[in-house]
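The block underneath contains the structure these notes are about, expressed in structure tokens.
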Amino acid sequence: QVQLAESGGGLVQAGDSLRLSCTASGRASSRPTMAWFRQAPGKGREFVSGMRWSGGRPYYADSVKGRFSASRDDAKNTVYLQMDSLRPEDTAVYYCAAAAILYPGRAPGDYNSWGQGTQVTVSS
């Protein structure tokens, strides 16, 4: 059973930065791919970024490319999402997710483990 715990959300102003963290439990082999999603009020859950524990570059949604950066710390079983140049439209609950396969898609249904979510609010 994979368990995920996010932290790092908060209230910031447009242009500010935040870093989200997600610590994973369970065997790495059971969660080869990690991702960040977000869900704004009244909207569906949206893919933000994905990465594999085995290596390779993180990949991003076009809406955050160039502003967000994902990374990982293998020793801590933790992935991070550095969010710079935040905009009011980035306001959402951000979720960490894990997939049991190496090459999932970008749909929420491709991921089988989820964290509780952390609120990010960006004021204008």
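Predicted model, so just to flag it, every value in this text is computed and none were measured.
Side-chain atoms of S17 and D84 include a donor-acceptor pair closer than 3.5 Å.
Judged by a 6.0 Å distance limit and a 45° cone about the ring axis, R31 is positioned over the six-membered ring of W53.
No option in Y95, Y111, Y94 other than Y111 meets the ring pair (Phe, Tyr, Trp, His ring centres under 6.0 Å) test with F37. Checked options S49, S21, S71, C96; the residue passing with V79 is C96 (criterion: side-chain contact (heavy atoms from CB on, under 4.5 Å)).
Here the CD-SG distance, from E6 to C22, works out to 5.5 Å after rounding to the nearest 0.5 Å. Note that CG of N112 and OG of S30 are 8.5 Å apart. Values are rounded to the nearest 0.5 Å. Here the CE-CZ distance, from M34 to R52, works out to 13.0 Å after rounding to the nearest 0.5 Å.
Taking each heavy atom of T33 and L102 in turn, the nearest pair found is OG1-O, 2.9 Å.
Using a 4.0 Å cut-off between charged side-chain N and carboxylate O, D62 and K65 make a salt bridge.
Inter-residue side-chain proximity for V48 and F68 is flagged as met; some heavy-atom pair is nearer than 4.5 Å. In this structure, M83 and V64 have side chains that are not in contact, with every pair of non-hydrogen atoms separated by 4.5 Å or more.
Checked by atom type and distance alone, the side chain of T118 pairs as donor or acceptor with a backbone atom of G9 at under 3.5 Å. Here the side chain of S25 pairs a donor or acceptor atom with the backbone of Q3 at under 3.5 angstrom.
Linking ILVMFWY residues whenever their side-chain heavy atoms come closer than 4.5 Å, directly or via other members, leaves F47 and L86 in distinct clusters.
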